[in-house]
Enquirer: 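Can you read through this structure? Questions will come right after.
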Amino acid sequence: MCGRYETPEDKRILAERFSTRATLQDFQLGRINECSPGSVQPVVLLNDEGEREIVAMRWGFTLPDRSLFLARSEGAATSPFWKEMIIERRCIVPATAFFEWQNTKSGPKPKYKLGLSGRDLFGMAGIWASWKNPKTLELEPTFAILTGEANGAMRQIHDRQPAVLDPGDYEEWLAQDDRPPLHLLRILPDEHLTITRLDPVEAIRAEPLKQDEPPPAQRGFLFG
DNA sequence: CCAGACGTTGTT
DNA sequence: GTCTGG
DNA sequence: CCAGACGTTGTT
DNA sequence: GTCTGG
């Protein structure tokens with residue numbers, strides 16, 4: 001669940017919309033695209049000076065046999081693995097939508113795009129840490145997205161969903177505190193979700209781009 | 001079945 | 001089936 | 001998360 | 001998320 005999400009094509013608007021000083025001019029984070037685990041994405045946090053900043057982070061903590069890119073909000077505060085992160089390193093993951101695949105008994109899994117009514121851009125609750133990139137063996141800032149129980153129409157598709165923050169809660173979520181503000185991780189009201197079932201063509205179009213692959217808008221042009 | 005771990009570096 | 005790449 | 005590959009020798 | 005141990 002929430003194994004993929006979407007970011008704005010123009011990353012520069014993130015600085016404005018999340019009230020950060022950074023202009024993101026240094027980001028080379030691709031075009032309109034799905035974000036997949038393992039990719040590097042813009043994340044909002046408080047820097048050492050207490051200012052909001054946008055940082056490029058890798059999505060998912062790679063372990064020897066798997067990658068942890070989601071963390072259950074219910075258990076994160078007591079989990080040995082997540083505890084330190086949720087207390088000391090909370091962040092916001094900007095998104096315009098997230099994707100889910102319906103768990104069907106057999107056959108293809110229908111793909112859905114989920115957005116928030118009246119909010120073209122929103123922030124998912126995240127946590128981060130410095131983590132070794134298994135390929136480069138370098139330490140990199142790395143994040144995971146907190147999840148909660150799904151409800152209502154969402155439950156028809158999947159039983160979990162990403163924790164979406166209220167814009168008025170961004171400050172409290174990022175602020176350093178003795179105890180993590182878990183009360184901000186409310187279940188996303190069902191009526192606020194826009195759920196679109198993607199037809200196979202749309203689903204493929206939304207797939208993550210391969211390196212050096214032209215953006216979707218040019219595919220049709222190149223191939224007539 | 002559930003609970004708990006889940007990797008490394010390097011040090012508040 | 002499992003692993004890797006996106 | 002899904003989609004796609006999934007090996008080796010050795011050079012037309 | 002997924003695996004292991006109890």
Side-chain angles (χ1 to χ4, degrees), chain A residues 1-7 9 28-42 48 56-89 93 95-104 106-115 124-150 154 157-163 176-178 195-216 219:
Chain A
M1 18 74 68
C2 193
R4 293 196 192 156
Y5 67 94
E6 185 185 67
T7 49
E9 180 174 12
Q28 303 289 330
L29 294 177
R31 308 155 290 248
I32 187 170
N33 193 6
E34 272 188 31
C35 308
S36 52
S39 65
V40 175
Q41 302 300 339
D48 291 339
M57 290 196 195
R58 192 166 297 276
W59 183 20
F61 298 84
T62 301
L63 274 54
D65 58 340
R66 75 211 106 125
S67 179
L68 304 178
F69 48 89
L70 301 170
R72 292 175 70 94
S73 59
E74 297 94 330
T78 53
S79 158
F81 191 81
W82 302 116
K83 184 178 180 180
E84 182 181 321
M85 290 187 222
I86 202 168
I87 292 172
E88 297 186 12
R89 288 183 301 278
V93 184
T96 53
F98 59 95
F99 299 91
E100 301 281 3
W101 284 261
Q102 192 163 29
N103 204 3
T104 51
S106 62
K109 298 179 179 179
K111 183 176 182 179
Y112 292 82
K113 180 175 183 175
L114 299 100
M124 300 184 289
I127 50 184
W128 69 279
S130 185
W131 197 256
K132 188 184 256 186
N133 179 326
K135 288 179 190 159
T136 66
L137 303 183
E138 299 289 324
L139 288 177
E140 295 181 348
T142 303
F143 72 98
I145 296 170
L146 291 165
T147 65
E149 228 176 73
M154 176 75 214
I157 302 168
H158 210 96
D159 60 346
R160 308 286 298 170
Q161 63 184 45
Q176 193 168 25
D177 199 343
D178 292 338
I195 304 178
T196 308
R197 180 171 170 146
L198 302 177
D199 66 44
V201 173
E202 288 176 307
I204 291 169
R205 188 187 137 84
E207 284 291 301
L209 297 173
K210 290 180 182 135
Q211 200 165 15
D212 301 327
E213 190 172 351
R219 287 180 187 170

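Residue numbers begin at 1 in each chain, while the letters A, B, ... track the order of the sequences.
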Enquirer: Under 6.0 Å between ring centres: does that hold for A/F61 and A/W82?
Expert: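 That pair passes the under 6.0 Å test.
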
Enquirer: Going by an N to O cut-off under 4.0 Å, is there a salt bridge joining A/E100 and A/K111?
Expert: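 Looking at A/E100 and A/K111, the cut-off is not met.
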
Enquirer: I'd like to know whether A/R160 forms a salt bridge (charged side-chain N to carboxylate O under 4.0 Å, His left out) with A/E74, so could you lay out the CA-CA distance, the side-chain angles of the two residues, the decisive distance to 0.1 Å, and finally the verdict.
Expert: CA-CA 12 Å; A/R160 308 286 298 170; A/E74 297 94 330; 2.8 Å; yes

Enquirer: Within the 4.0 Å heavy-atom criterion, would you say A/P80 contacts the bases, only the backbone, or no part of the nucleic acid?
Expert: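 Result for A/P80 = sugar-phosphate.
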
Enquirer: Under a 3.5 Å threshold, yes or no: a donor from one side chain and an acceptor from the other, between A/E34 and A/Y5?
Expert: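 The answer is no; no qualifying pair exists.
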
Enquirer: Check every atom of D/dC2, C/dG6, B/dC6 against the side chain of A/W101 and return the nucleotide holding the closest atom.
Expert: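 Shortest atom-to-atom distance from the side chain points to D/dC2.
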
Enquirer: Looking at every strand, decide which applies to A/S67 at a 4.0 Å heavy-atom threshold: base, sugar-phosphate, or nothing.
Expert: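 Answer is nothing: A/S67 stays at 4.0 Å or more from every strand.
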
Enquirer: With C1' as the reference atom in both, quote the distance from C/dC3 to D/dG7 in angstrom, rounded to an integer.
Expert: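 C/dC3 and D/dG7 have their C1' atoms separated by 14 Å.
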
Enquirer: Round to the nearest Å and state the distance from A/L63 atom CG to B/dT8 atom P.
Expert: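 One finds 9 Å between P of B/dT8 and CG of A/L63, rounded.
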
Enquirer: Would you mind reading off the distance between A/L70 atom CG and B/dC6 atom C1', rounded to a whole angstrom?
Expert: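 Distance check: A/L70 CG to B/dC6 C1' gives 15 Å.
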
Enquirer: Could you tell me whether the side chain of A/Q41 reaches within less than 4.5 Å of the side chain of A/T7, counting heavy atoms only?
Expert: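 Touching, per the 4.5 Å side-chain cut-off.
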
Enquirer: Going by heavy atoms in the side chains, are A/R4 and A/W101 under 4.5 Å from each other?
Expert: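 A side-chain contact exists here, since the closest heavy-atom pair is under 4.5 Å.
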
Enquirer: A/K109 side chain: which of E/dG1, D/dC1, D/dC2 is closest?
Expert: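 That would be D/dC2.
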
Enquirer: Provide, to the nearest angstrom, the distance between the CD1 atom belonging to A/I87 and the C1' atom belonging to B/dT12.
Expert: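 Computing the A/I87:CD1 to B/dT12:C1' distance gives 14 Å.
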
Enquirer: Within the 3.5 Å criterion, strictly below it, is a donor on A/E140 or A/N133 matched to an acceptor on the partner's side chain?
Expert: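 Yes, side-chain donor-acceptor contact under 3.5 Å.
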
Enquirer: Using Watson-Crick or G-U wobble pairs with both distances under 3.5 Å, give me DNA chain B in dot-bracket, 5' to 3', with [ ] for crossers and | for pairs to another strand.
Expert: ||||||......

Enquirer: Nearest whole Å is fine: how far is B/dT9 C1' from A/L139 CG?
Expert: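 The answer, rounded to whole Å, is 7 Å.
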
Enquirer: In whole angstrom, give the distance that lies between atom NZ of A/K83 and atom C1' of B/dC6.
Expert: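 Taking atom C1' of B/dC6 as the reference, NZ of A/K83 is at 16 Å.
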
Enquirer: Whole angstrom is fine here: how far is it from CD1 in A/I157 over to P in D/dC1?
Expert: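 These atoms are roughly 16 Å apart.
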
Enquirer: Any side-chain N or O of A/K132 less than 4.0 Å from the OP1 or OP2 oxygen of B/dT9?
Expert: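 Indeed, a polar side-chain atom of A/K132 lies that close.
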
Enquirer: Could you tell me the separation between the NZ atom of A/K113 and the P atom of D/dC2, rounded to a whole number of Å?
Expert: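 Going from A/K113 (NZ) to D/dC2 (P), I get 18 Å.
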
Enquirer: Could you state the atom-to-atom distance from CD of A/E140 to C1' of B/dT9 in whole Å?
Expert: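 Taking atom C1' of B/dT9 as the reference, CD of A/E140 is at 15 Å.
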
Enquirer: Base, sugar-phosphate alone, or nothing: which one does A/S39 contact when heavy atoms must sit under 4.0 Å apart?
Expert: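 The residue A/S39 makes no contact with any strand.
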
